[in-house]
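For reference, the structure is listed below as structure tokens.
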Amino acid sequence: MTELENRYIKAKRALFDKVHASLNEMQRRAVHTTEGPLLVIAGAGSGKTTVLVNRIAQIIRYGNAYYDESVPARLSAETVAAFEAAGELSAEDIEPLLGEFSASPCAPWNVLAITFTNKAAKEIVERLSRVFDGDDIAKSIWAGTFHSICMRILRSHSEKLGYGGTLTIYDADDSKKLLTAVMKELNIDEKQFTVRSVAGEISRAKERLLDPEAYTEEATAFREKTCAKIYKLYQSRLNESNALDFDDIIMQTVFLLRREDEVRRYYANKFKYICVDEYQDTNHAQFELCSLLASEWRNIMVVGDDDQSIYRFRGATVENILGFDSTYPDAKVIKLEQNYRSSAVILNAANAVIAKNTKRRPKRLWTDSEDGENIKIEECEDQNEEARRIADLITRLVAKNQYSYRDFAILYRVNAQSSTIERTFAKSGLPYRIYGGVRFGDRKEIKDVVAYLQFINNPSDRVRLKRIINEPKRKIGDTTIAAVEAIADENGITMFEVMCNADKYVALSRAAKTLTAFAEMINKLRAMLDGGCPLDAFTNAVLDESGYRQMLKDAGEAEKDRLENIEEFVSGVIEYMNNNEEPTLTGFLEETALVADVDRFDESADAAVLMTIHSAKGIEFPVVIIPGLEEGIFPGSQALIDPAELEEERRLAYVALTRAKKELYLYHTDCRLLYGRTMRNPASRFIGDIPEELVTRKEKKKSREYSPWGNASAEKPRVYFSSTDGQGSAPHADVLTINRPVAKPAARKDAPSFAAGDRVKHPAFGEGEVLSVKPMGSDKLYEIIFDRVGTKKLMGSYAKLTKA
DNA sequence: AGTCAGTCTCCTTCA
DNA sequence: GAGACTGACT
């Protein structure tokens, strides 16, 4: 290397260091390592997304310019002259020279970024738009979930797939329905083989890229052989309906790339740079997909944290991230261990808990930040006291103006824990939001309407046909449906074709009229669509022609919510039309299938957040509260017998602890009512793993005082905040006194009172209407239906209600 | 075909 | 303890 070249490289690197001056050393190294396989182990809160975004920006701006090999064979006369004039070139001087001849900048569409959630993909695109000051570049990179990327590939090569007509995606619910039908058809004993377990088995087979034939070959035990039979029929039923389940989307893409070498070469050449987020959550099929896509350029970067692998139960294999450097022996490994999120105390506690795992890459997070508050551990009598203490804590800290409600997150192991907490919060008027539960797209009415659209779009879809054929009621019962299906199978045609010609089949004579009427309606709607009817008008036509809307209207008050949801769905269609230049029904349906929820999680509301630890991954909160730290709950009961399961629970605990920025509160109880049973469990081993010097324990009140009714299941405590004067309607007068919160939420003696029918406003829940008022001592319990969040019960003196 | 009562199940979850 | 599901009855 000549003297000049050395000076050139030095100047070049100075430039890149300057561009990324805000990053730390390791982050910068990750951003600059653009060539070859790269594994980035990104600890919790270590700036993973920042690295990902900056690295993609670096690639698009400068290609492989950082690298020595990218020194031009001969520096141009211009550069040589520049060096001669300046002696040493500064960072600024080198930039214009760089782009011209040494770097090979990379077109954005040659970059592929794969994530697990739409939210993560969206965040990458948004942050890139900010870097490039506009959408154009950010929108042209291929960024998306595994499933959306695969659908994009599958769609472009549908002719090679062997599916005829329009593809349909079956969600977990549809798949289970089909599976139930298949198992019934094969006379499988439902006691011995639950749909749930068989669905899991097939899902795992697909994750391991075993098609029915390959799976059958592997099957030895009776159980596997039975599953093989089911899998075979299930898969052929999917094919008949032109349907893919979620696992198919990945598996069929891998098969396509393996089978069609020119397709593989096309994508592998196209994607010069590949980034995979949350690599610890990938399964075998996803691993294989990445390998195939990276097979030409081998510029594959994977980011993840083996300590945060918490999806083993859905097929993720930590081995992918643990073994990345043996899959790619030339891989560079960079660890991001500086944490920018949590206090030192929180971080040390998390380190101590995770250190007990054996299957992990050794690492230790560190931080520059201060020690911070000790971790508080509280022991309670039962889940009711636990919930009350949590409510008190939040109320107290908010009253001190230390935090707002939105700064608190209550993270639990199982959803069943949420109900007690929710009830307690509602009673004290403490604003909260629950994440999880029934999603918009999972609601029956939405699934029904989507099924109509799916069926019109793809009339071979049997599962959706069965869903809508008698909804609203058309007097087409199970017997008729079974007859139609049998005829379709015999003649190798679709059920819909049978229905169109129902009058020609003797077996259907009785139902022929209703069947043809249904078929005509579908054909009419199909014609509207083909005639270019806009999607929103079309959706409305479907709702009217099918009688679905009328059915809900007729039900009146009982189905008011559903009717509203349907109208919201139509708004969703309009939104899709506004966001897409060429809106199509197929496009809309695919988006609905792959985008779980239009984030209905209102981040702006000032309310405490309730969610499972799993759904909290990737989010941070100033104060994290973890209830239920008991053996058998967290770690869960299965973990007590299975060491691998225990390691997963430990990782889950690590994720939970590292969500906290400033303060951490851990709760455990002596006895707990869960799933209708009262249990007594010792405190979680994870509590014991935290070094004592980081902990402040809060003494339990003497149990005699706290539990006058003894066994929690013996008598249910009712209302604790029943009145401000102690004369309430609680079962025991002393209960009321003793259970009064240590620091009560600010009760308002002057609280305005409302009557049923009044419109009221709540700081967190928004506006609503009072449904009923029950006097409780000197206070009132309101049942209010809020416009946005539904019905809540609130105590008048605690809830900050105003007239709307 | 629809309703009601008894039965069963229950971890975590994204596409 | 709650919700989903099943099966018998009308």
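Note on naming: letters A, B, ... go to the chains in the order of the sequence lines (proteins, then strands), and numbering restarts at 1 for each one.
- Side-chain proximity of A:E645 to the nucleotides B:dC11, B:dA15, C:dG1 is greatest for B:dC11.
- Nearest-nucleotide mapping onto DNA chain B: of A:N470 and A:G676, the residue sitting toward the 5' end is A:N470.
- Between A:I300 and A:A294, the closest heavy-atom pair is CB-CB, 3.9 Å.
- At whole-Å resolution of the value, OH in A:Y675 and P in B:dT7 are 22 Å apart.
- Atom CD in A:Q286 sits about 14 Å away from atom P in B:dC14, given to the nearest Å.
- Here A:F246 does not pack flat against the base of B:dC14, since the 5.5 angstrom centre distance and 30 degree tilt limits are not both met.
- Rounded to a whole Å, the CZ atom of A:R651 is 16 Å from the C1' atom of B:dT13.
- Residue contacts shown for A:N415 are limited to sugar-phosphate atoms, with no base heavy atom under 4.0 Å away.
- B:dC14 atom P lies 19 Å from atom CD1 of A:I149, rounded to whole Å.
- Listed pair A:T612 / B:dC11 fails the phosphate criterion, with no side-chain N or O lying under 4.0 Å from OP1 or OP2.
- Heavy atoms of A:F116 sit under 4.0 angstrom from primed sugar atoms or phosphate atoms, though from no base atom.
- Atoms CG (A:D442) and C1' (B:dA15) sit 12 Å apart, rounded to a whole Å.
- Among the atoms of the strands shown, none is found under 4.0 Å from any heavy atom of A:G636.
- Following rounding to the nearest Å, A:L646 (CG) and B:dT12 (C1') show an atom-to-atom distance of 15 Å.
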Q. Checking side-chain contact (heavy atoms from CB on, under 4.5 Å) for the pair A:V318/A:K359: CA distance, chi angles, key distance, verdict?
A. CA-CA 9 Å; A:V318 210; A:K359 262 173 84 183; 5.5 Å; no
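- Electrostatic pairing of A:K206 and A:D245 counts as a salt bridge here, judged by a charged N lying under 4.0 Å from a carboxylate O.
- We find that CD of A:E590 is positioned 12 Å from C1' of B:dA15, with the value rounded to whole Å.
- Rounded to whole Å, atom P of B:dC10 lies 15 Å from atom CZ of A:R413.
- In summary, the side chains of A:E385 and A:Q383 do not present any donor paired with an acceptor at a separation below 3.5 Å, with no hydrogens or angles considered.
- Of the candidate nucleotides B:dT13, B:dC11, B:dA15, B:dA15 has the atom lying nearest to any side-chain atom of A:A172.
- Between A:N118 and B:dA15 there is a side-chain polar atom (N or O) within less than 4.0 angstrom of OP1 or OP2.
- When distances are taken from the side chain of A:K473 to each of B:dC10, B:dG2, B:dA15, the shortest belongs to B:dG2.
- With a 6.0 Å cutoff to the six-membered ring centre and a 45° limit on the axis angle, A:R677 does not count as a cation-pi contact of A:Y675.
- With distances taken from any side-chain atom of A:R314 to the nucleotides B:dC11, B:dC14, B:dA15, the minimum falls on B:dC14.
- Residue order along DNA chain B, read from the 5' end via each residue's closest nucleotide, puts A:I476 first among A:G436 and A:I476.
- As judged by a 4.0 angstrom heavy-atom cut-off over every strand, A:Q638 is placed among the base-contacting residues.
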